[in-house]
Amino acid sequence: EYIMNCQEFTTFLQEQIPLTAAMQLQTDFFSKEKIRLSVPLAPNKNDKNTGFGGSIACLLTVFGWSMMYANFQTQFPDAKIVVQKSELRYLAPITDDFYAVCQCTDIAAKESVCENLQRHGKGKLFLHIDCYCKDVLSATLDGTYYIIQA
């Protein structure tokens, strides 16, 4: 089973979600279990020279979409991925480049998504995503993502 490399996924994201190009988003690591997406501070800062809340929200939301894509797009290429609900917490100011990480290693949860998608035309996965700046946890997102058969 083929999985895109980091540069291919960055290009794909920037084509599919143009805002990520303006943010200068990069894929640092890309697998079904672990992804790392990063952005430089310069195009994502606010008037206080810290991370802009909208950029942080976008990075974390796109991250969840990316995790769903990595895990389910090969098996369900025509399905659509959407975020249904998210809770974002800003924990510390972002003063430099920042990145998002999440581990998606719950095999039973992934199998449940596939079973529900095949049985009911949609499946959901809860993701906890962390945002770091210089190894300081700066924000978190708890999100419910759906994959829906087209």
- Item | Verdict with supporting geometry, Gln118 and Gln75, side-chain contact (heavy atoms from CB on, under 4.5 Å) | CA-CA 11 Å; Gln118 290 168 332; Gln75 192 172 354; 3.9 Å; yes
Same apolar cluster (I L V M F W Y, side chains within < 4.5 Å links), [X]/[Y]:
| X | Y | answer |
| --- | --- | --- |
| Ile148 | Phe126 | no |
| Leu141 | Val83 | yes |
| Leu41 | Leu91 | no |
| Trp65 | Ile3 | yes |
| Tyr146 | Leu117 | no |

Do you see a donor-acceptor pair shorter than 3.5 Å between the side chains of [X] and [Y]?
| X | Y | answer |
| --- | --- | --- |
| Asp130 | Thr140 | no |
| Lys32 | Asn71 | no |
| Asp135 | Tyr99 | yes |

- Task: Would you name the heavy atoms of Phe76 and Cys114 that are closest together and state the gap between them?
- Result: CE1-SG, 3.7 Å
- Atom of Lys134, atom of Asp96 and distance for their closest heavy-atom approach: CE-OD2, 2.9 Å
- Hey, mind stepping through Tyr145 and Thr61 against side-chain contact (heavy atoms from CB on, under 4.5 Å) and telling me if it holds? CA-CA 10 Å; Tyr145 286 81; Thr61 302; 4.0 Å; yes
- Quick one: which of Thr20, Asn5, Thr27 gives a side chain to side chain donor-acceptor pair (under 3.5 Å) with Thr10? Thr27
- Message: Using the side chain to side chain contact (heavy atoms under 4.5 Å, CB included) definition, which of the options Cys102, Ser86, Ser55, Cys131 pairs with Leu60?
- Response: Cys131
- Heavy-atom donor-acceptor pair, Tyr132 side chain to Phe98 backbone, under 3.5 Å: no
- So, Thr105 side chain and Gln103 main chain: donor-acceptor pair closer than 3.5 Å or not? no
- Message: Ring-plane angle category for Phe9 and Tyr69, please: parallel below 30°, perpendicular beyond 60°, tilted otherwise.
- Response: tilted
When rounded to the nearest 0.5 angstrom, what is the spacing between [atom1] in [X] and [atom2] in [Y]?
| X | Y | atom1 | atom2 | result |
| --- | --- | --- | --- | --- |
| Met23 | Leu37 | CE | CG | 9.5 Å |
| Met4 | Phe12 | CE | CZ | 5.0 Å |
| Glu33 | Met67 | CD | CE | 8.5 Å |
| Ile17 | Ser66 | CD1 | OG | 6.5 Å |
| Ile56 | Asn44 | CD1 | CG | 8.5 Å |
| Thr11 | Gln14 | OG1 | CD | 6.5 Å |

- Task: Check whether any side-chain heavy atom of Ile81 sits under 4.5 Å from a side-chain heavy atom of Gln73, and report yes or no.
- Result: yes
- Do the side chains of Ile35 and Val101 get nearer than 4.5 Å, heavy atoms only? no
- Task: Before giving the answer on side-chain contact (heavy atoms from CB on, under 4.5 Å), spell out for Cys133 and Asp97 the whole-Å C-alpha distance, their side-chain angles and the decisive distance to 0.1 Å.
- Result: CA-CA 6 Å; Cys133 174; Asp97 301 348; over 6 Å; no
- Query: Could Asp142 and Arg89 be called an ion pair, given the rule that one side-chain N must be under 4.0 Å from one carboxylate O?
  - Reply: yes
- Task: Apply side-chain contact (heavy atoms from CB on, under 4.5 Å) to Thr50 and Lys45, showing your working.
- Result: CA-CA 5 Å; Thr50 59; Lys45 67 181 181 174; over 6 Å; no
- Whether over 12 other heavy atoms sit under 6.0 Å from Lys122 NZ: no
- Item | Lys NZ or Arg CZ of Lys34 over Phe29 ring: under 6.0 Å, within 45° | yes
